[in-house]
Amino acid sequence: MTPYARRGVHGQTVEALARRILGGRIPEGATLDLVALQSELDVSLTALRESLKVLAAKGMVDARQKRGTFVRARADWNLLDADVLRWQFEGGGRATDADRTLLRNLSEVRAIVEPAAVRLAAERRTDADLAALEAALEAMGEQGSDPGRAVAADLAFHRALLAATHNELLERMEMVIEPGLAHRDRIVHSDPHSEDPVPAHRAVLDAVRDQDPKAAEAAMHALLVQAGRDLERIQRPAGTDHDDTGHDGTGYDGTRHDDTKGTGGK
């Protein structure tokens with residue numbers, strides 16, 4: 001589904017309602033008081049109903065006779081929808097427990113998808129694919145201390161990798177991966193002590209250029225492991241001295257690791 005355009009009062013109303021539901025301020029199963037919401041959000045009842053139609057299409061709300069409009073169970077929400085992902089991640093700051101869970105879930109998806117995708121990219125890449133990857137890597141090296149440019153360059157690199165698979169379904173995975181990757185990148189790249197991401201990405205590109213699927217997969221695993229450790233280190237509560245893994249011994253990349261060494265990467 002095409003991401004919802006954020007325009008005008010209608011777009012603001014959709015996002016305000018979505019964030020309240022996603023954040024639990026309007027809990028699952030709750031029946032919405034449309035009159036109260038209309039007054040609180042200062043919108044017309046027509047605008048409010050149109051906004052709820054957008055959320056209904058994403059599985060977040062529904063309406064029934066005698067019950068009215070209500071929030072559906074989270075299991076019914078389209079959590080892979082690009083807007084739903086974006087609404088959960090936007091807001092900045094240090095991650096809440098919910099953010100951490102979503103980041104971990106998305107990182108586990110990346111750990112499954114990207115190593116396999118990069119194997120296909122190594123087998124199928126074209127000169128145009130290599131040029132796109134090289135341009136993204138060059139931009140990554142030139143971003144300096146600008147977190148925004150660093151995020152854009154990283155997204156461009158991973159988007160180009162998925163495109164290099166020449167698999168339409170894998171290319172669409174960018175809609176799932178990018179919101180979480182962008183949020184993770186904003187956190188990591190805002191830290192002045194983050195490691196240089198270029199070497200790990202260069203290793204991936206070199207293996208893709210050499211058409212070496214095994215080396216490409218290994219390079220991507222190394223990149224994801226370091227990405228998980230970077231985020232864990234930055235978001236570790238102050239004063240703790242445990243290692244850079246999750247409580248179960250896994251990083252945000254979803255892979256188990258017992259040491260703290262790895263190549264730089266995001």
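The chain is numbered in sequence order, starting from 1. The analysis underlying the following values was restricted to heavy atoms, covering all of them including side chains, and did not include hydrogens, waters or symmetry mates.
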inquiry  = Is there a side chain to side chain contact (heavy atoms under 4.5 Å, CB included) between L85 and L79? Walk through the geometry before answering.
reply    = CA-CA 6 Å; L85 286 167; L79 295 176; 5.8 Å; no
query = Are V71 and L41 connected, step by step, through hydrophobic side chains (Ile, Leu, Val, Met, Phe, Trp, Tyr) whose heavy atoms are closer than 4.5 Å?
reply = yes
request  = Would you kindly say whether E174 and H158 are connected by a side-chain donor-acceptor distance under 3.5 Å?
outcome  = no
query = When rounded to the nearest 0.5 angstrom, what distance separates OG1 in T165 from CG in D129?
reply = 8.5 Å
query = Can you tell me how far the CG atom of N105 sits from the CZ atom of R110, to the nearest 0.5 Å?
reply = 14.0 Å
query = Are F70 and D62 close enough, and set up right, to give a side chain to side chain contact (heavy atoms under 4.5 Å, CB included), and what steps lead you there?
reply = CA-CA 6 Å; F70 62 94; D62 201 355; 3.7 Å; yes
key: Student check: side-chain heavy atoms of V109 and R104 closer than 4.5 Å   = no
request  = Find out whether L106 and V176 are in side-chain contact, i.e. whether some heavy atom of one side chain is under 4.5 Å from a heavy atom of the other.
outcome  = yes
query = Between R159 and I177, is any pair of side-chain heavy atoms under 4.5 Å apart?
reply = no
ask   = Partners of A163 by side chain to side chain contact (heavy atoms under 4.5 Å, CB included), sequence neighbours excluded?
value = E171
ask   = Given side chains that start at C-beta, do those of S51 and L17 come closer than 4.5 Å, heavy atoms only?
value = yes
inquiry  = Are F89 and L102 packed together at the side-chain level, in the sense that at least one heavy-atom pair is separated by less than 4.5 angstrom?
reply    = yes
Which atom of A111 lies closest to which atom of H221, heavy atoms considered = O-CE1, 4.3 Å
request  = Inspect the contact between R20 and E15 and indicate whether a charged nitrogen and a carboxylate oxygen are less than 4.0 angstrom apart.
outcome  = no
key: Nearest heavy-atom neighbours spanning G180 and L103   = O-CD2, 4.0 Å
query = Given side chains that start at C-beta, do those of V84 and M60 come closer than 4.5 Å, heavy atoms only?
reply = yes
inquiry  = Please find the pair of heavy atoms, one from L137 and one from H201, that lie closest to each other, and give the distance.
reply    = CD1-CB, 3.5 Å
ask   = Within the distance-only criterion (no hydrogens, no angle test), does the side chain of E28 pair as donor or acceptor with the backbone N or O of R74 below 3.5 angstrom?
value = yes
ask   = Looking at residues at least two apart in the chain, or sitting in another chain, which of them share a side chain to side chain contact (heavy atoms under 4.5 Å, CB included) with R124?
value = L120, H166, N167
message = With a 4.5 Å cut-off on side-chain heavy atoms, are V14 and W87 touching?
response = yes
ask   = Is a donor on one side and an acceptor on the other found under 3.5 Å between the side chain of S39 and the backbone of A36?
value = no
inquiry  = The criterion is side-chain hydrogen bond (donor to acceptor under 3.5 Å, both in side chains); which residues satisfy it with R25, sequence neighbours excluded?
reply    = none
request  = Give the intermediate values and the outcome of side chain to side chain contact (heavy atoms under 4.5 Å, CB included) for residues E142 and R149.
outcome  = CA-CA 9 Å; E142 296 170 356; R149 291 180 61 190; 4.2 Å; yes
request  = Apply side chain to side chain contact (heavy atoms under 4.5 Å, CB included) to the pair V54 and H10, showing each step before the final yes or no.
outcome  = CA-CA 10 Å; V54 174; H10 181 48; 4.1 Å; yes
query = Tell me the salt bridge (Lys or Arg N to Asp or Glu O under 4.0 Å) pairs involving residues 41-54, sequence neighbours left out?
reply = E50-K53
query = Would you say D210's side chain and A207's backbone share a donor-acceptor pair under 3.5 angstrom?
reply = no
message = Can you tell me how far apart CG (D83) and NZ (K58) are? Round to the nearest 0.5 Å.
response = 4.0 Å
ask   = Atom CG in L80, atom CZ in R172: separation rounded to 0.5 Å?
value = 12.5 Å
N/O donor to acceptor pairs below 3.5 angstrom from side-chain atoms of residues 212-220, sequence neighbours left out:
unit_1	atom_1	unit_2	atom_2	d
D212	OD1	K214	N	3.4
D212	OD1	A215	N	3.1
E217	OE1	R119	NH1	2.7

Euclidean distance, L34 CG relative to L52 CG, rounded to 0.5 Å = 6.0 Å
remark   = By side-chain hydrogen bond (donor to acceptor under 3.5 Å, both in side chains), R202 pairs with (sequence neighbours left out) E134
key: Donor-acceptor contact below 3.5 Å, side chain R184 vs main chain A227   = yes
ask   = So, the side chain of H183 versus the backbone of P179: is there a donor-acceptor pair under 3.5 Å, distance only?
value = no
request  = Taking all heavy atoms of V208 and all of A121, pick out the closest pair and write down the distance.
outcome  = CG1-O, 3.9 Å
query = Within a strict 4.5 Å, meaning less than it, do heavy atoms of the D185 and L181 side chains meet?
reply = yes
task = To the nearest 0.5 Å, tell me how far L22 CG sits from Q88 CD.
result = 5.0 Å
key: Donor-acceptor contact present, side-chain W77 to main-chain R72, <3.5 Å   = yes
